Structure formats: C-alpha cells, structure tokens
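Written below as structure tokens is the structure these notes are about.
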Amino acid sequence: MGDWQRSHTCGQLTLVDDTAEVCLMGWVQYRRDHGGLIFVDLRDRDGLTQVVFSPDIAPAAHENAHILRSEYVLAVKGRVRPRPEGMVNSAMVTGGIEVVVHEWKLLNTSKTPPFPIEDRCDAGENLRLAWRYLDLRRPRMQENLRLRHKVAQTIRRYLDEGGFVEVETPVLTKSTPEGARDFLVPSRLNSGEFYALPQSPQLFKQMLMVSGLDRYFQIVRCFRDEDLRADRQPEFTQVDIEMSFVDEKKVMSMAEGLIARVFTEVMGRELSLPFPRMRWDEAMERYGVDKPDTRFDLELKDITDIVRVSGFKLFAQARLVKGMKVPGGESMTRKEIDVLTEFVRIYGAQGLAWIKIKADEWQSPIAKFLSDKERRGIADALDLQVGDIVFFQAGEPDMVNAALGNLRVHLAGQLKLIPEDSFNFLWVTDFPLYEYDQEEKRYVACHHPFTSPAPGHLELMKSDPAKARARAYDMVLNGNEVGGGSIRIHSSNVQRRMFEALGFMPEQAEAQFGFLIQALEQGAPPHGGLAFGLDRLVMLLAGASSIRDVIAFPKTQKATCLLTGAPSPVEARQLRELGLRLREQPAKESDAKSGVGAIQA
RNA sequence: GGAGCGGUAGUUAAGACGGUUAUAACGCCGGCCUGUCACGCCGGAGGCCGAGGGUUCGAGUCCCUUCCGCUCCGCCA
C-alpha cells in the first residue's frame, strides 16, 4: 500500500472534520454513477461514508472510477466537506459530510457477491454459512461479534477483580460414562485408545479447588455429540467458574454480580439484585417447565383433586390434571384451537380439552361431564371470568407439564403477551438430585454425579432417590437456561455413595473416576460453582433467534461446516497410523447411513 | 430415530388445475445521466424448476426414492 495510511474509519467523520485531508479504506457498499458525478458509499467495520468522484475537482480520479463495483476494496484520499444544502442524509452518522476524492487506489477487486452485503438481506441459511466471511461483513453480524467480545471482556475483568484465576484445562481428556455423547479422538501413540473432547471442564475445575486455587474461571470451548437445535451447537462456549469455601448463596450472588456488571457495561442497563428465586417444585407446579418465563402470567393450576371422582373418566383416572386460563381467549375459533391441539401433540398429548366461559354457559366438548361441584372447584381454582378460555391436560405428569408448559409459552408469543425488550432473570433452585431414565432403567444424575445432595438428603440417595434434592441452581433469562451449577460433593465417601446410587459397581467407579475420589481424599475443600452458556447469553442480549448468529463459524443442523466441508473422509494412511479401520467402505453418495463411517479399533 | 416447513435465474420469491415461449423484483452486463444516497431512465443476458426414478401423449405441477437447509420431539449428566 506504499505510503498510504488510513487516517479515519468510515463511521467517524462529521462536520467538525470539515476541510480535513483524510484517507479512508474500505469496501464499496453502493455506487451511484451519474456519468458525471460518481458517489460511492464506502464501508468498513465502523460504518459508511459517502465519497464523491467529481470530474470538476479531480478529473483523473473520476476518470477510472466507473470500473468500481460492489465489494471492491478501495483506498481514497480526499477532503472532507459539508454536503450541499438539502443533501444531508440524516439516516447516516456521517450523513452531514462527504469526502471529495483527489486520489484513489484499487486495493482489490471482488467477484459479485452471492448475496448482498446488507442487514436487510434475507439470504438462506445455507448460503450464509457457505459464504460465512461475507455474511460476517454485514453490520448486524459484526455487531453481534463485537457484543460477544465485550461480554467476554467484561466477564474477564469482573472475575479478575474478584480474585479468580483463569486456568486452561485439557481439550484432550478422558471419556466418562455419564452425560452426553463424547466426541472421541483416536490416539496414534496409544493404538486402540481414545481421548474425549470435554463436555465441560467439570472434574478439572474441582481438582483445581483441591489444588488450592480457591477461585478459578475459564472461558472455554465444550463439546457434546448430540443433536443440534437453534440454541445448541456441538461445540459451544462456557464461562466456567468454581469457588472454594462457599455455599449456594455465595456462588449465586457472585453470578448475579457478574451478570449485573455485563448489563451495566455492555447493555447500559441496571439490573435489580438479587434475582428472584424459585424452587424447582414450584416452577414445575406453576409453569410446567424448569426454566419458566415469568414475563407473563398464564399460570398452570393443578385440579387433579377437584376432578378425582369426575364422571369424565379421562380426568378422573389421570395421575395429574392441570388447567391453564387464557383471559379473553373465549373468542378463539375452532380452527385456532385445532392448531393448538396439534401443537401439544408434539409433547405426547392425545388432545387438548378446553372450556369457553360464556356469560350464560360453559361452552365445551367436556362441560357436560362435569358436575356442579367440579365446575365450582375449577372456577375457583382458576379464578374464571366470563370471556376466558381454559385449556386442560390430563395424564402422566411429565406429559401434562410439558404440553401445557410449552403451550403457555407458545400462546404468550401468539397473543403478544411478552413485553418487548425486557430481561427477566430468575434462579431455579432445589432441583431433584436424580431423574429416572426409562431407557437405562435406572436413576441418573439430574445435574451431574458430582452434585451435593441437599442437607439431610444423604439417606434418600438410596432409600427414595426420587425425593432427594440437589444443591443445584439454574439461572434463567426470559425462559432460557443461561447458566447452572451446584455445590459439589467434597467428601470421598459421599461421592462413592453417589456412584453406588447411580448403579456403578465399585470397580467401575474406581476405573472411571478413581482419580477424582483420590483427590477428594486429599483434603478437598468444600466447593461449588457454575457455568454460563456464553453463546446463549449473547444470543439473548443480541436479540438473535439462534446462537448461530453469535458464533463466527457455526455448524449446520447436521453438524457440518458448509464453509470448510468438515467433517470429511481422511486418507487411508491417516487411519492406519491411528490403528483404525473403517467397518465399511465410505459410501458413494446416498447410502451413507447407519454403520458406514463407524470405526473400530 | 421421528414430525413439520422449505429447495424454481446470482438472490428473494410467484407459478401447484398436468397443457403455448416458466414470471417478478433486486442483482449482473451494455448504453445514457453532475447531487445521488437501496440514484434514475433505456436495452440485454441469465433456468437440468435440488438430484434420481416412475405415471402420462405431455410433469416445475402427480407418485416413489434420495440429498440439502431450517424448526421441533426424542437426545442434550
């Protein structure tokens, strides 16, 4: 670029820079070639500036400017001047001025981009991912990445000031049986053996507490080989935190302080602390989910006892019956209700019972089965008013809660009950220690197997696992889990009992987690912590609808990278070195289904 | 593993009842244009209708298979 030095960015210049000699560099956003005058909106990371090629002022500069095209890379030298009377563009930060080009240099040409580089562009996701570096040129995406950067930096400052030490933990680590599916990495030096990529640095951070680090954090990539969602990628970033000599209150107030700091410094908003807390039982009871969105009402009411002896057998025989009132919902059409019925089927519901509260009657397919007493009970429980509609779900508790809990969120969106631009934080506490795994026919840890049982619940681990509660807590933002953690088990005996309760043989526990138990035997301090999902947090702050929009190079729903083509086959030699052999030859095209690509040692 | 939505020009979409030459906007190319700002005007090029198979005299449209993207259920300690 010779002696060309950029003097300003494209978002900086205003009337105060009048007559300044400047040098800008950037991309051609729009060109407006009038044959005589040529206007170019030059874009860089900072914004747009209109530069003018004028045959009257700089004929030489104007002469070749006709060749300019979208996304050409340009350096211009020129003078800042106010735009003529009536030509000010108030929509642009730099709209009061323009730069008259005296001299310019073409730094690079560009092929016509496959989609326009602008925020209102609605290119398909596949195109955006295949040309991600162009997608990331768009201001919205640049803002997202910078927002993410600011959040991460603010978190680093906050934790550093709080005495936390950032420690890196291994990415090549040990596969463990519990939890998500591991990504495996074959070992060349240890043929037939595999590392696993960490699902989280959980055990390392606990061992750092045993080391006496006292306060640890890490902004760290984690990997889980499970199916993707709008808010789930196979690799994602956690803000991982652990503290010694603390209880739940300490961890939670530290976490609240962190979030409040992010909101002050990044969002320019003050949060009121502490966040509300809700026990898990209450969340399930009132909202049907463990991450309730409390920005709106539509609460669920348990009416199981009211309809226990109902003539409506579906209700009478159900283990759980719940109702949800939608005020003013009486005007819903049959068709709208049918759509909602389809919606709850996703969660295993057979149908969706409803009652419209009219002035003179209860209009409903099920009203005729309900006695006067039942009607009064239901009306009282749900505080029914004329004009309401009530939806019911009856059956297994998990299904009832999932169906109504998700219907609640669905309807709130549809009925526009959710206030815009609000950030509603909530702690959910007192989670169950275990949940029953139907497939494995055993209890599995609800949070993870290193979570301490609630005080006094030690015996329940064996006698009544379903009743045991955990010293675990989730931070919920607008109905999204953005963080979660627990006080850990620091007693080797309790940890052994935990593995036992999960159905591990002692030898098995020793082989898988012996190093942890040993560590706990060496003077492990009481400790606990939590981890934030950075991608989700930033997504919510950015107002994005997928974490893909706050990750520079995300994967598709099939976990592929459309930009690089990963994953891809490898050379036979690489497999040989690793002691691997494909069970079947890679398929030509279509039959790349089950079995193919599987590996064996 | 399952359910749903989508795939038509470079892009975003229309076309769906099976029937002339598959539309539009933006973009692209050429021309004109000295105050535009998503410039304007005139002209032009551009298509294996995701792929494969079938039904039919005839398929973008109907049927089957398959690939890709997205949303969701299961899964995600």
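Given the structure is predicted, the values throughout are model-derived calculations rather than measurements. In what follows, every chain begins at residue 1, and chains take the letters A, B, ... in the order their sequences are listed.
- Note on A:R69: a side-chain N or O is less than 4.0 Å away from OP1 or OP2 of B:rC29.
- An aromatic stacking contact links A:F39 with the base of B:rU36, defined here by ring centres under 5.5 Å apart and ring planes under 30° from parallel.
- Inspection of the A:Q199 and A:D182 side chains reveals an N or O donor paired with an N or O acceptor under 3.5 Å.
- Between B:rC76, B:rA38, B:rU36, one nucleotide has an atom nearer to the side chain of A:Q50 than all others, and that is B:rU36.
- When each of A:E439 and A:Q557 is assigned the nucleotide of RNA chain B with its nearest heavy atom, A:Q557 is the one assigned upstream, toward the 5' end.
- Nearest-nucleotide positions on RNA chain B for A:P55 and A:P114 put A:P114 closer to the 5' end.
- Phosphate proximity of B:rC39 to A:R32: present, with a side-chain N or O under 4.0 Å from OP1 or OP2.
- Nearest nucleotide to the side chain of A:A123, out of B:rU71, B:rU12, B:rG35: B:rU12.
- The nucleotide whose nearest atom lies closest to any side-chain atom of A:D227 is, among B:rC28, B:rC72, B:rC75, B:rC75.
- Distance from the side chain of A:Y30 is smallest for B:rA38 among the nucleotides B:rU36, B:rA38, B:rU11.
- The A:L562 side chain lies nearest to B:rG69 when the options are B:rC73, B:rC70, B:rG69.
- Of the listed nucleotides (B:rG69, B:rC76, B:rU11), B:rC76 has the atom at the smallest distance from the side chain of A:R232.
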